[in-house]
Amino acid sequence: MYEYVEFPPLPIVKTHLVINSVLALLTVAVVALRLVARFLSGAGLWWDDYLILFALPQGLGMVIIQGMWVPMGIGYDMPATLPNLETILKMLVAYELIFSTTISTIKISVLMFYLRVFVNRSLRMATIATLVFVMLWTVANTLQVFLICRPFAKTYSLTVEGECGDQIASFIAIGAFNIITDVIILTLPLPTVWSLKMSTPTKLGLTGVFLVGLIVSVIAVIRIVTLTELDLMNLTGTMIWADFWSATEPNLGILCVSLPMLGSLWSRCVGASRRGGDSSKLAGYHSSENATGGSTGFSKLKNRSQAAKDDHHQEQQQPSEVLPLENLYAANQEVHFQSAVTTRTRATPELDSDSRAADTDLERDRDTGSEVSLTERTHHRHEPGNGIRVQTKWSISRD
């Protein structure tokens, strides 16, 4: 266990930690819902999902380091925090590495999502080129952590002899490339989206979904501004805001790229609530019959086993039981559709016997009590000698 001199946490530092802790918990919840949405859709997980799962613990690790720094004197001038400085610098090395890999993992996840969704050849080639650039950028980020000081121990030790490059300028340059790659990645699919044959409001909605990540780019710009105010000669006294925004950016990035993936889950929830609410409304609809005895509207959902028999006059059936609409989509039921078409040239005893046999089959279906009719069944006085007879039947079988 490392040793350090404890300082009373400053209120602003505690506030920053609380904000990032809440953001981290929200990010974990959204990623969990993203996985639920993927499994419910039956699609399973792909590389973009695995990469987000890899980035999530790294983002949480940055918040943990931020919390470990709080009692070490963040916000206090360095002469007072000098006993803790080497420990803080060692954590800073880990902090830089985690930040670099987390941001890169998020970017690669988005690019893999593009490769999974889009089939446009030009977009896929541009995505692959951007993917290569991001990987090279990641390698450069990692190398600068280890090569900025010679020897490497000079990065965190106050007693080792050596020299270091301009660390602040290095941080700013990496941050600038971070923003550039963000803009490139977020705007890559827009030409393809606007070339699709869909309404303008739909295109605007998709554009908004892809550009929601610009929020992270705004945070990245703010982070660069705070880095310009960082003074390595008074590190603990000037790193308050740089520390805060550096921990905020990766977790917010994970959150922003995961939120659009919840669309299918949202549709399921909204669809289920609408079906539940509309089931009671369906009870108020009756089928109206036209002059030829045809059905011009939807009938109530009814149980065949209790439906009254029609005579040969135009009498409307009275449904005896309403089945809630949500039962229609239950997992243990099967929906069947059957349509029969017969032509008649003249009324013959043989055809009349066929009609009576069909009616007998329908009555047998009624007696099973295992099916629910979706339309009213109407008989006529007499069928014409010439014409076409169409009989349609919807049914639901319960297991």
Mind checking the [atom1]-[atom2] spacing from [X] to [Y]? Nearest 0.5 Å is all I need.
X      : Y      : atom1 : atom2 : value
Leu232 : Thr238 : CG    : OG1   : 7.5 Å
Ile103 : Gln58  : CD1   : CD    : 10.0 Å
Leu17  : Gln66  : CG    : CD    : 5.0 Å

Among Ile222, Asn178, Val218, Ile254, which residue meets the side chain to side chain contact (heavy atoms under 4.5 Å, CB included) test with Glu249?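 Among Ile222, Asn178, Val218, Ile254, the one that satisfies the side chain to side chain contact (heavy atoms under 4.5 Å, CB included) with Glu249 is Asn178.
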Side chain to side chain contact (heavy atoms under 4.5 Å, CB included) partner of Lys107, the single match among Thr102, Val134, Leu51, Leu131: Val134
Under the salt bridge (charged side-chain N to carboxylate O under 4.0 Å, His left out) definition, can you give me all pairs with a residue in residues 20-47, not counting sequence neighbours? Arg34-Asp48, Arg34-Asp49, Arg38-Asp49
Keeping to residues at least two apart or across chains, list the salt bridge (charged side-chain N to carboxylate O under 4.0 Å, His left out) pairs with something in residues 76-86. Glu86-Lys90
Check whether any side-chain N or O of [X] sits under 3.5 Å from a backbone N or O of [Y] as a donor-acceptor pair, and report yes or no.
X      : Y      : value
Thr101 : Ile98  : yes
Ser246 : Asp243 : no
Arg124 : Val119 : no
Ser100 : Glu96  : no
Thr15  : Pro11  : yes
Ser217 : Asp182 : no
Thr181 : Phe177 : yes

Name the orientation class of the two ring planes belonging to Tyr76 and Phe7 (parallel below 30°, tilted from 30 to 60°, perpendicular beyond 60°). tilted
Where does the angle between the aromatic ring planes of Trp245 and Trp241 fall among parallel (under 30°), tilted (30 to 60°) and perpendicular (over 60°)?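 Ring orientation of Trp245 relative to Trp241: parallel.
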Does Trp69 reach the side chain of Ile64, with side-chain heavy atoms less than 4.5 Å apart? no
Is there side-chain contact between Thr207 and Trp194, with at least one heavy-atom pair below 4.5 Å?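 SC-SC contact between Thr207 and Trp194 confirmed.
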Check disulfide (SG to SG under 2.5 Å) between Cys149 and all other residues, then give those that pass, not counting sequence neighbours.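 By the disulfide (SG to SG under 2.5 Å) rule, Cys149 matches Cys164.
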Apart from Val160 itself, members of its ILVMFWY cluster (side-chain separation under 4.5 Å) are none
For residues 185-193, dump all side-chain donor-acceptor pairs below 3.5 Å to protein atoms at least two apart in sequence or in another chain.
unit_1, atom_1, unit_2, atom_2, d
Thr187, OG1, Val183, O, 2.7
Thr187, OG1, Ile184, O, 3.3

Within a radius of less than 6.0 Å around [atom1] of [X], do more than 12 heavy atoms belonging to other residues, nucleotides or ligands occur?
X      : atom1 : value
Phe152 : CZ    : yes
Phe118 : CZ    : yes
Trp46  : CH2   : yes

For Asn84, all residues meeting side chain to side chain donor-acceptor pair (under 3.5 Å), sequence neighbours excluded: none
Worked verdict on Val31 versus Ile52 for side-chain contact (heavy atoms from CB on, under 4.5 Å): CA-CA 8 Å; Val31 172; Ile52 285 297; 4.0 Å; yes
